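The chains referred to below are lettered A, B, ... by the order of the sequence lines, with proteins before strands, and numbering in each begins at 1. For clarity, every value in this text was computed on a predicted model and none was experimentally measured.
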Amino acid sequence: PLGLGMGSGGCGRWEEEKKEDGVKWMQLEHRGPYFVPLYEPLPEDVQFYYDGKPLKLSLATEEIATFYAKMLHHEYTTKEIFQNNFFHDWRKGMTSEEQEIIKDLDKCDFREIHKYFVEQNEARKALPKEEKQKLKEEADKIQEEYGYCILDGHREKIANFKTEPPGLFRGRGEHPKMGMLKKRIMPEDVTINCSRDSKIPEPPEGHKWKEVRFDNTVTWLASWTENINNSLKYIMLNPSSKLKGEKDWQKYEVARRLKDVVHEIRAQYRRDWKSKEIKKRQRAVALYFIDKLALRAGNEKEEGETADTVGCCSLRVEHIQLHPQLDGQEHVVEFDFLGKDSIRYYNKVSVEKPVFRNLQLFMKNKDPTDDLFDHLTTTFLNKHLQHLMDGLTAKVFRTYNASITLQEQLKALTNPEDNVAGKLLSYNRANRAVAILCNHQRSIPKTFAKSMQVLQEKIDTKKKQVEEAQEEVKKAEDEYEDTKDAKAEANVEKKKKLLKRLEEQLAKLNIQATDKEENKQIALGTSKLNYLDPRISVAWCKKFGIPIERIYNKTQREKFAWAIDMAGEDFEF
DNA sequence: CGAGAGACTTGGAAGAATGTTA
DNA sequence: TAACATTCTTCCAAGTCTCTCG
C-alpha cells in the first residue's frame with residue numbers, strides 16, 4: 001500500500017533541492033502507530049493471594065498487578081518509593097470492593113503470577129523452529145506494514161512505530177516517580193501528522209484519532225502525551241533516513257566551524273575570568289568547564305519531579321571541593337556529582353589559577369546546596385555562544401571536543417605496521433579516550449570476571465603451545481643439521497610456519513584481553529553514535545585498509561551512509 | 001522576560017539474535 | 001546441540017535548546 005522502496009545508496013541522495021526555511025518535507029504518508037495488543041486475562045488457575053487467601057481481581061486491577069508481578073525480582077520493587085507509587089496508582093484503578101480488601105502491599109502475594117510469566121517466557125523460547133519462524137514472519141509483516149513511511153518519494157524506516165505498552169514507570173537513579181502507572185495509549189490519545197493529500201491513516205476499528213494535522217515544519221509522524229511527566233512522545237524516523245542523516249551531517253558541520261573559532265573563544269573566556277561583572281565571570285568559568293571537561297549545559301529542572309542530577313550551569317557548591325594543593329598538583333578541583341541518567345561524574349582536575357580564585361569567590365558565604373553559578377542560566381550562556389558563532393550552543397563543544405579527540409588519538413595511536421587487529425585496538429583506544437572524556441560509563445557486565453578468566457586461560461594454553469612449537473622448530477633444525485636432506489628441510493619450514501601462526505594467535509588474544517580490560521566500565525556506543533563525526537572513522541578505514549564492517553555494524557553503516565558515501569581517506573575534521 | 005510547551009538528540013539497560021564452546 | 005557469551009537491536013527515559021505566550 002505504501003508503494004515500492006527506493007532502496008538506500010544511489011548517487012545524489014545527500015544533495016537534493018533546498019526547502020523553504022523551517023519546512024522539513026513536502027510529502028509524508030504512513031500508517032499511523034501500531035498499537036500493542038490489549039491485555040489478556042490470566043488463566044483461571046493462576047491466582048493472586050491477599051493475606052494468604054486467593055482473591056479474584058477485576059480485569060483492570062489484575063492487569064496492573066501483572067506489571068508488578070513481572071518485576072517481582074527486580075531491584076526496583078525493593079525500593080520504598082517504587083512500592084508506594086505503585087500501590088497508590090494500583091489502588092486508584094481498583095473497584096471499591098477491592099479497595100476495601102487490599103490495603104497493604106506486604107500482604108499481596110504476586111508469586112504465582114510471576115511464575116506464570118517466567119514459564120510463558122521459557123515456553124516461548126522452547127517453541128519448535130517452525131513456530132518461531134511463524135512468529136517471526138508475523139512480526140516482519142507488522143514491520144513491513146507499519147514500520148515504513150513515504151517521505152518526499154523515499155520509503156523510509158520509522159524508528160519507533162509501536163506505541164509504548166502500559167507498565168510501571170522505571171526512572172533512573174532516585175526518581176521520585178518510579179513505580180507509577182504508565183497508562184495504555186489509545187488512538188484517542190494520538191495526534192497524527194502527515195501530508196494533506198496523502199492517504200490518511202485509519203484508526204483501529206471503532207476508534208478515532210485525537211487529531212490529524214498537516215504540519216510540514218516538524219519531522220514527527222505521530223505524538224501523544226504520556227501521563228508520568230505530562231510530556232510529549234513522538235514517532236519519528238529511523239537514523240538511517242535521509243532526514244535524520246542530513247541533520248546529523250549538519251551537526252558535525254557546525255562542530256567543524258567551531259574548530260576555526262575555538263582559539264578566539266578560549267582567549268575570550270580567559271579574558272572574561274577577570275571581568276568586573278560577576279555574571280560574565282561565572283559564564284566564563286562555566287564555559288571553561290564545558291570546553292575542558294565536556295560537561296553538559298545543565299538546564300534547570302523542576303525540583304521533586306525528577307532525580308536530582310546536574311550539569312555545568314546547575315552545579316551546586318556541594319558538588320565541588322577545592323584543593324590548593326593535591327597529589328603534587330596545584331589548584332585542583334574535585335568534582336563529584338550525578339549527571340544525566342544519574343551517572344556519577346567524579347574527577348580531579350588541576351585548573352588555571354584565575355579559575356580557582358573565581359571558584360573560591362563563587363563559593364564564598366554559600367550553603368552547600370546553593371548554586372555554584374547563581375548568576376548564570378543556560379539561556380544566558382547560549383545567547384552568548386550564539387553571538388560568538390552562528391549555531392553555537394553548549395552541546396557543540398561536546399561534539400567538537402569528542403570528534404577532534406578521536407582524530408588526534410587516531411593519528412597518535414595508529415601504527416601502519418600493525419596488523420588489522422592491532423589497528424582496531426588503536427581505534428578502540430581512541431574511541432575510549434572520547435568515551436572517558438564524555439563520561440560514558442556502563443555497569444560492569446555480570447559475566448565480566450568469569451569471561452576474563454576464560455580468556456586468560458586461553459592465553460596461557462596458547463603460550464604453552466607457542467613454547468612447544470619453538471622446541472619443535474629447534475628439533476627440526478637439529479635434524480636438518482645432521483641429515484641435510486630435503487625432507488628435513490621441508491619439515492623445518494613447516495614447523496616454523498606453525499610457530500608463526502601460533503604466535504599470531506597469541507598476539508591476537510593478548511590484544512583482545514587488553515581491549516576487554518580497558519573497556520570494563522566504559523560504554524563506547526554513545527560516543528560512536530552521537531559524538532564522533534563518522535567521516536573521521538571512514539577516512540581512517542580507507543587510509544589503513546580496514547573494512548568498514550570492522551568498526552560499524554549494519555545499523556551503524558545505515559545511519560552513517562552519508563559519511564561512507566562522501567568521506568575520502570584524506571578527510572580532515 | 002520567564003515559564004512552560006514542544007521538538008528533537010542523547011543515554012544506558014534490557015531483550016533478542018547470533019556466535020562459540022563443551 | 002544445549003548452554004553460555006557476545007553483539008545487535010529495541011526500548012524509552014532524560015537530556016538540550018527553541019519557541020510561544022502572557
Per [X] side chain, nearest of listed nucleotides [options]:
{"X": "A:S443", "options": "B:dG11, B:dA13, C:dA13", "result": "B:dA13"}
{"X": "A:D341", "options": "C:dA14, B:dT10, C:dC8", "result": "C:dA14"}
{"X": "A:K340", "options": "C:dC8, B:dG11, C:dC4", "result": "B:dG11"}
{"X": "A:N530", "options": "B:dG12, B:dT10, C:dC17", "result": "B:dT10"}
{"X": "A:N299", "options": "C:dG15, C:dT16, B:dG11", "result": "C:dT16"}

*Under 4.5 Å between any side-chain heavy atoms of A:K210 and A:V190, yes or no?*
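They are not in side-chain contact.
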*Answer whether the closest heavy-atom distance between the side chains of A:I150 and A:L28 falls below 4.5 Å.*
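No, their side chains stay 4.5 Å or more apart.
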Base, sugar-phosphate, or nothing for [X], non-hydrogen atoms under 4.0 angstrom?
{"X": "A:T306", "result": "nothing"}
{"X": "A:K528", "result": "nothing"}
{"X": "A:G298", "result": "sugar-phosphate"}
{"X": "A:I343", "result": "sugar-phosphate"}

Report all interatomic pairs (protein N or O, nucleotide N or O of nucleotides 19-22 of chain B) with separations under 3.5 Å.
residue: B:dT21; atom: OP1; partner: A:K458; partner atom: NZ; Å: 3.0

_Members of residues 157-178 of chain A that approach DNA chain B, where some heavy atom sits under 4.0 Å away_ =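 Heavy-atom cutoff 4.0 Å gives A:R172.
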*Residues touching DNA chain B, which here means a heavy atom under 4.0 Å, drawn from residues 383-404 of chain A*: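 Close to the strand are A:K395, A:R398.
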*Pairwise 5' ranking along DNA chain C for A:T555 and A:E300, keeping only the more 5' one*: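 Taking each residue's closest nucleotide, the earlier one in sequence belongs to A:T555.
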*Want to settle it: does A:E226 or A:K554 sit nearer the 5' end of DNA chain C, counting the closest nucleotide to each?*
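Closer to the 5' end of DNA chain C: A:K554.
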How long is the line joining [atom1] of [X] and [atom2] of [N], in whole Å?
{"X": "A:Y34", "N": "C:dC11", "atom1": "OH", "atom2": "P", "value": "12 Å"}
{"X": "A:F380", "N": "C:dT18", "atom1": "CZ", "atom2": "P", "value": "15 Å"}
{"X": "A:Q143", "N": "B:dA17", "atom1": "CD", "atom2": "P", "value": "12 Å"}
{"X": "A:K516", "N": "C:dT6", "atom1": "NZ", "atom2": "P", "value": "4 Å"}
{"X": "A:E549", "N": "C:dC8", "atom1": "CD", "atom2": "C1'", "value": "16 Å"}
{"X": "A:E558", "N": "C:dT10", "atom1": "CD", "atom2": "P", "value": "10 Å"}
{"X": "A:H74", "N": "C:dC11", "atom1": "NE2", "atom2": "C1'", "value": "13 Å"}
{"X": "A:N121", "N": "B:dA16", "atom1": "CG", "atom2": "P", "value": "7 Å"}

Any donor-acceptor N or O pair under 3.5 Å, side chains [X], [Y]:
{"X": "A:Q441", "Y": "A:N439", "answer": "yes"}
{"X": "A:R170", "Y": "A:Y76", "answer": "no"}
{"X": "A:E226", "Y": "A:S231", "answer": "yes"}
{"X": "A:Y269", "Y": "A:D291", "answer": "yes"}

Whether [X] contacts [N] is assessed here as follows: a side-chain N or O lying under 4.0 Å from the phosphate OP1 or OP2. Is that the case?
{"X": "A:K233", "N": "C:dC12", "result": "no"}
{"X": "A:N382", "N": "C:dT16", "result": "no"}
{"X": "A:T379", "N": "C:dC17", "result": "no"}

*Flag the pair A:Y146 / A:H30 as yes when their ring centroid distance falls below 6.0 Å, and as no otherwise.*
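When the ring centroids of A:Y146 and A:H30 are compared, they turn out to be at least 6.0 Å apart.
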*Is the distance between the ring centroids of A:F289 and A:F335 less than 6.0 Å?*
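Between A:F335 and A:F289, which both carry aromatic rings, the centre distance is below 6.0 Å.
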List every contact pair, protein side and nucleotides 6-8 of chain B side both N or O, where the distance is under 3.5 Å.
residue: B:dA7; atom: OP1; partner: A:W220; partner atom: NE1; Å: 3.4
residue: B:dA7; atom: OP2; partner: A:W220; partner atom: NE1; Å: 3.4
residue: B:dA7; atom: OP2; partner: A:Y234; partner atom: OH; Å: 2.8
residue: B:dA7; atom: O5'; partner: A:Y234; partner atom: OH; Å: 3.4
residue: B:dC8; atom: OP1; partner: A:K24; partner atom: NZ; Å: 3.1
residue: B:dC8; atom: OP2; partner: A:T219; partner atom: N; Å: 2.9
residue: B:dC8; atom: OP2; partner: A:T219; partner atom: OG1; Å: 2.9
residue: B:dC8; atom: O5'; partner: A:T219; partner atom: OG1; Å: 3.3

_salt_bridge(A:E253, A:R535) N-O dist < 4.0 Å_ =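 Salt bridge flag = yes for A:R535 with A:E253.
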*Charged N to carboxylate O under 4.0 angstrom, A:E138 versus A:K134?*
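No, this pair does not count.
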_Face-on cation placement of A:K182 at A:F169 ring, 6.0 Å and 45° thresholds_ =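 Pair A:K182/A:F169 does not count as cation-pi.
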_Counterpart residues, salt bridge (Lys or Arg N to Asp or Glu O under 4.0 Å), relative to A:R442 (two or more places apart)_ =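 A:R442: no salt bridge (Lys or Arg N to Asp or Glu O under 4.0 Å) contacts found.
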*Give a yes or no answer on whether the side chain of A:N238 reaches the backbone of A:S241 with a donor-acceptor pair at less than 3.5 Å.*
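Flag not set: sc A:N238 to bb A:S241 has no pair under 3.5 Å.
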_With sequence neighbours excluded, residues passing ring pair (Phe, Tyr, Trp, His ring centres under 6.0 Å) with A:F86_ =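 Checked A:F86 against ring pair (Phe, Tyr, Trp, His ring centres under 6.0 Å); matches are A:Y68, A:W90.
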*asked:* Which label fits A:Y427 and A:W540: parallel for a plane angle under 30°, tilted from 30 to 60°, or perpendicular past 60°?
replied: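 Answer is tilted, since the angle falls between 30° and 60°.
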*Start with the C-alpha gap between A:E549 and A:K554, add the side-chain angles, then the distance that decides, and say whether salt bridge (charged side-chain N to carboxylate O under 4.0 Å, His left out) holds.*
CA-CA 8 Å; A:E549 306 82 59; A:K554 184 166 148 279; over 6 Å; no
_I want to confirm an ordering. Mapping A:R124 and A:Y252 to their closest nucleotides on DNA chain B, which one lands closer to the 5' end?_
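Closest to the 5' end, via its nearest nucleotide, is A:Y252.
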